[in-house]
Amino acid sequence: MDWDKLRVFHAVAEAGSFTHAGDTLNLSQSAVSRQISALEEALSVPLFHRHARGLILTEQGEALNRTVREVFAKLAMTEALLAESKEKPAGRLKVTTTHSFGVTWLAPRLKHFLHDYPDVSVTLLLDDTDLDLAMREADVAIRMHPPRQPDLVQRSLGEIHWQIWASADYLKTAGMPERPEDLDQHRLVLFGDRKPPVADVNWLAEIGRRDGTARRGVMEVNSLQAMLVAIRSGIGIGAVPDYLVSDQTGLVQLLPGVKTPKIDMYFVYPEELRNSKRISVFRDFLIAQIATKS
């Protein structure tokens with residue numbers, strides 16, 4: 001099989017259309033179509049179902065794309081390792097983590113890392129679902145749970161704790177809860193999504209409820225950052241991870257004696273990248289930043 005045709009096939013399979021793949025490859029739509037037709041002719045199997053809404057891989061196309069994706073992922077990993085200097089870290093580092101942690105905590109600190117390692121560039125991929133590190137969707141991950149994939153190296157980065165907050169304006173009107181049971185008389189801001197970024201995200205809805213049911217939220221939103229904005233605006237009481245609240249202006253921490261869940265945070269990367277200097281210096285940078293509590 002011709003490598004150029006496989007490269008075009010992979011781009012089409014990922015993009016779902018000849019036009020979008022052509023934009024990625026800087027080729028015309030007709031050139032992309034000819035390459036795919038030639039590959040199908042060489043293999044004597046159809047690789048795509050063609051219809052008005054785009055392209056769908058056939059069963060044979062799915063099988064080929066799985067192999068091609070893995071091959072190109074391994075090639076990208078090898079290319080990165082070969083390009084990296086033995087004397088100093090260099091090359092692109094793809095980092096993935098949850099949206100709220102990436103925006104609020106990690107992104108503001110990356111300037112220090114990039115200053116210290118000018119030959120390294122960073123691609124930050126924020127996603128509340130786990131990207132596949134084995135398939136090189138990212139090089140490293142900062143996860144809020146132990147890794148579920150095999151053959152991944154993990155390093156504990158410590159714990160994140162929850163805190164309960166309300167705005168001072170809200171408390172003037174609604175009063176101060178003294179016990180978890182008092183939350184029954186208050187408006188709650190909760191996380192509303194089937195795929196939360198961390199486990200036990202809505203634990204505040206359940207504490208102090210002896211019948212085992214959960215309180216309803218006056219507002220639900222699928223973003224921890226938006227939850228904090230809603231809490232700060234006076235909509236109600238909510239619990240968010242401590243890294244979100246660097247500015248406590250206008251906020252009051254509630255029920256400080258309540259035992260709250262903790263989030264175990266991990267630095268994760270594939271075994272093949274164990275000796276990468278980019279990864280080792282980034283790991284050490286994270287550990288140092290977390291230790292400073294800055």
Novice: Report yes or no: does Asp2 contribute a side-chain atom to a donor-acceptor pair with the main-chain N or O of Lys5 at less than 3.5 Å?
Specialist: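 Side chain of Asp2 to backbone of Lys5: a pair is present.
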Novice: How is the hydrophobic cluster of Leu133 composed, in terms of its other members, when Ile, Leu, Val, Met, Phe, Trp and Tyr link through side-chain heavy atoms under 4.5 Å apart, directly or indirectly?
Specialist: Leu152, Tyr266, Val268
Novice: Are the side chain of Asp264 and the backbone of Glu159 linked by a donor-acceptor contact shorter than 3.5 Å?
Specialist: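 Absent.
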Novice: Within the 4.5 Å heavy-atom criterion, are Thr58 and Val45 side-chain neighbours or not?
Specialist: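 SC-SC contact between Thr58 and Val45 ruled out.
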Novice: Any idea which heavy atoms bring Pro177 and Leu171 closest together, and the distance?
Specialist: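 Heavy-atom minimum between the residues: CD-CD2, 4.1 Å.
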Novice: Using side chain to side chain contact (heavy atoms under 4.5 Å, CB included), reason through Val8 and Leu25 one step at a time and then give a plain yes or no.
Specialist: CA-CA 8 Å; Val8 172; Leu25 298 168; 4.0 Å; yes
Novice: Salt-bridge test for Glu220 and Arg187: reply yes if a basic N is under 4.0 Å from a carboxylate O, no otherwise.
Specialist: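 Judged by the 4.0 Å cut-off on N to carboxylate O distance, Glu220 and Arg187 do not form a salt bridge.
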Novice: Taking Asp132 for the side chain and Met135 for the main chain, is one N or O donor matched with an acceptor at less than 3.5 Å?
Specialist: yes
Novice: Mind checking ring pair (Phe, Tyr, Trp, His ring centres under 6.0 Å) for His20 and listing every partner two or more places apart, or none if nothing turns up?
Specialist: none
Novice: What is the minimum heavy-atom distance between Arg283 and Tyr269, and which atoms define it?
Specialist: NH1-OH, 4.1 Å
Novice: Could you check whether any side-chain N or O of Lys262 sits under 3.5 Å from a backbone N or O of Trp162, counting only pairs where one atom can act as donor and the other as acceptor?
Specialist: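 Not at all, since once roles are kept as given, no pair shorter than 3.5 Å links the two residues.
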Novice: Looking only at non-hydrogen atoms, find the nearest pair between Leu124 and Ala107 and report the distance.
Specialist: CD2-CB, 4.2 Å
Novice: What's the separation between atom CD1 in Ile142 and atom CZ in Arg155, rounded to the nearest 0.5 Å?
Specialist: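 Ile142 atom CD1 to Arg155 atom CZ measures 13.0 Å (nearest 0.5 Å).
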Novice: I'd like to know if the side chain of Ser37 reaches the main chain of Arg34, judged simply by a donor and an acceptor atom lying under 3.5 Å from each other, with no hydrogens or angles considered.
Specialist: no
Novice: Under a 4.5 Å cut-off applied to non-hydrogen side-chain atoms, are Leu224 and Met227 in contact?
Specialist: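 Counting from C-beta outward, Leu224 and Met227 do come under 4.5 Å.
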Novice: Mind running salt bridge (Lys or Arg N to Asp or Glu O under 4.0 Å) on Glu14 and Arg7 for me, showing each step along the way?
Specialist: CA-CA 11 Å; Glu14 297 300 309; Arg7 181 172 63 91; over 6 Å; no
Novice: Using the test salt bridge (Lys or Arg N to Asp or Glu O under 4.0 Å), find all partners of Arg209 that sit at least two apart in sequence or belong to another chain.
Specialist: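 Residues passing salt bridge (Lys or Arg N to Asp or Glu O under 4.0 Å) with Arg209: Asp184.
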Novice: Excluding sequence neighbours, so at least two apart, what forms salt bridge (Lys or Arg N to Asp or Glu O under 4.0 Å) with Asp127?
Specialist: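 So Asp127 forms no salt bridge (Lys or Arg N to Asp or Glu O under 4.0 Å) with any residue.
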Novice: Between His10 and Phe72, is the ring centroid distance below 6.0 Å?
Specialist: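 Yes: the rings meet the under 6.0 Å criterion.
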Novice: So, do Asp119 and Pro89 sit near enough that their side-chain heavy atoms are less than 4.5 Å apart?
Specialist: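 Contact flag for Asp119/Pro89 side chains = no.
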Novice: Is the Phe18 ring parallel, tilted or perpendicular to the Phe48 ring (thresholds 30°, 60°)?
Specialist: perpendicular
Novice: Does either side chain, that of Ser17 or that of Thr19, offer a donor lying less than 3.5 Å from an acceptor on the other one?
Specialist: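 Note: Ser17 and Thr19 side chains miss the donor-acceptor criterion.
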Novice: Checking side-chain polar atoms at under 3.5 Å, does Gln225 have a donor or acceptor matched by the opposite partner on Ser100?
Specialist: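 No pair is found: no donor N or O on one side chain lies under 3.5 Å from an acceptor on the other.
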Novice: In Å, rounded to the nearest 0.5 Å, how long is the span from CG of Leu188 to CZ of Arg215?
Specialist: 6.5 Å
Novice: Going from CD1 on Ile164 to OG1 on Thr260, what distance comes out if it is rounded to the nearest 0.5 angstrom?
Specialist: 7.5 Å
Novice: Specify the closest pair of heavy atoms between Val32 and Gly22, including all atoms of both residues, with the distance to one decimal.
Specialist: CG2-CA, 3.8 Å
Novice: Return the set of residues passing salt bridge (Lys or Arg N to Asp or Glu O under 4.0 Å) with Arg179 (not counting sequence neighbours), or none when no residue passes.
Specialist: Asp182
Novice: Is any side-chain heavy atom of Leu57 closer than 4.5 Å to one of Phe9?
Specialist: yes
Novice: Identify all side-chain donor-acceptor contacts of residues 247-259 below 3.5 Å with residues at least two apart in sequence or on another chain.
Specialist:
from: Asp247; atom 1: OD1; to: Thr249; atom 2: N; distance (Å): 3.0
from: Asp247; atom 1: OD1; to: Thr249; atom 2: OG1; distance (Å): 2.6

Novice: Consider only side-chain heavy atoms of I, L, V, M, F, W and Y, link residues closer than 4.5 Å, and tell whether Ile36 and Ile56 are in one cluster.
Specialist: no
Novice: Mind checking the CD-CG spacing from Gln60 to Asn65? Nearest 0.5 Å is all I need.
Specialist: 13.0 Å
Novice: Taking only residues at least two apart or on different chains, which pairs with a member in residues 218-238 satisfy ring-ring contact (aromatic ring centres under 6.0 Å, His included)?
Specialist: none
Novice: Test: ring-ring contact (aromatic ring centres under 6.0 Å, His included). Region: residues 208-260. Which pairs qualify, not counting sequence neighbours?
Specialist: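 For residues 208-260: Phe101-Tyr243.
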Novice: What distance separates Thr96 OG1 from Asp128 CG, expressed to the nearest 0.5 Å?
Specialist: 9.0 Å
Novice: Under the 4.5 Å side-chain heavy-atom rule for ILVMFWY, direct or indirect, which residues accompany Leu125?
Specialist: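 Besides Leu125, the hydrophobic cluster comprises Leu131, listed by chain and residue number.
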Novice: What ring-ring contact (aromatic ring centres under 6.0 Å, His included) pairs are there with at least one residue in residues 117-148, not counting sequence neighbours?
Specialist: Phe113-Tyr117
Novice: Please assess Phe191 against Val240 for the test side chain to side chain contact (heavy atoms under 4.5 Å, CB included), listing each intermediate value before the final yes or no.
Specialist: CA-CA 10 Å; Phe191 193 95; Val240 294; over 6 Å; no
Novice: For the pair Leu64 and Leu6, evaluate side chain to side chain contact (heavy atoms under 4.5 Å, CB included) and give the outcome as yes or no after the intermediate values.
Specialist: CA-CA 9 Å; Leu64 179 59; Leu6 289 176; 4.3 Å; yes
Novice: Quick check for you: to the nearest 0.5 Å, what is the distance between Ser121 atom OG and Leu110 atom CG?
Specialist: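 The CG atom of Leu110 is 11.5 Å from OG of Ser121, to the nearest 0.5 Å.
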Novice: Just so I know, are the side chains of Arg278 and Phe282 near enough to count as touching, which here means a heavy-atom distance under 4.5 Å?
Specialist: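 Contact flag for Arg278/Phe282 side chains = no.
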Novice: Could you work out, with ring pair (Phe, Tyr, Trp, His ring centres under 6.0 Å) as the rule, every residue matching Tyr170, not counting sequence neighbours?
Specialist: His186
Novice: Got Thr97 and Arg143 here, is their nearest side-chain heavy-atom distance under 4.5 Å?
Specialist: no
Novice: Ignoring hydrogens and angles, state whether a donor on the side chain of Thr123 or Arg92 is under 3.5 Å from an acceptor on the partner side chain.
Specialist: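 Yes, Arg92 and Thr123 have a side-chain donor paired with an acceptor closer than 3.5 Å.
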Novice: Before you tell me yes or no, could you show the steps for Ile237 and Leu204 under side chain to side chain contact (heavy atoms under 4.5 Å, CB included), namely the whole-Å CA-CA distance, both residues' side-chain angles and the distance that decides it to 0.1 Å?
Specialist: CA-CA 9 Å; Ile237 296 173; Leu204 191 66; 4.1 Å; yes
Novice: Could you tell me which residues satisfy salt bridge (Lys or Arg N to Asp or Glu O under 4.0 Å) with Arg210, sequence neighbours excluded, listed by chain and number?
Specialist: none
Novice: Might you point out which heavy atoms bring Ser167 and Gly234 nearest each other, and give the distance in Å?
Specialist: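 Here Ser167 and Gly234 meet closest at OG-CA, 3.3 Å.
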Novice: Does some side-chain heavy atom of Phe267 sit less than 4.5 Å from a side-chain heavy atom of Gln154?
Specialist: no
Novice: Of all heavy-atom pairs between Ile279 and Asp139, which one has the smallest distance, and what is that distance?
Specialist: CD1-O, 4.5 Å
Novice: Kindly indicate whether the side chain of Glu70, heavy atoms from C-beta on, has any atom under 4.5 Å from the side chain of Thr67.
Specialist: no
Novice: Could you tell me whether the side chain of Asn202 and the main chain of Leu190 form a donor-acceptor pair under 3.5 Å?
Specialist: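 Not a single qualifying donor-acceptor pair exists.
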Novice: Can Leu244 be reached from Val229 by stepping across I, L, V, M, F, W or Y side chains whose heavy atoms are under 4.5 Å apart?
Specialist: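 No, no single cluster joins them.
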Novice: Counting only heavy atoms not in Gln185, do more than 12 sit closer than 6.0 Å to its CD atom?
Specialist: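 Yes, CD of Gln185 has more than 12 neighbouring heavy atoms, counting only those of other groups under 6.0 Å.
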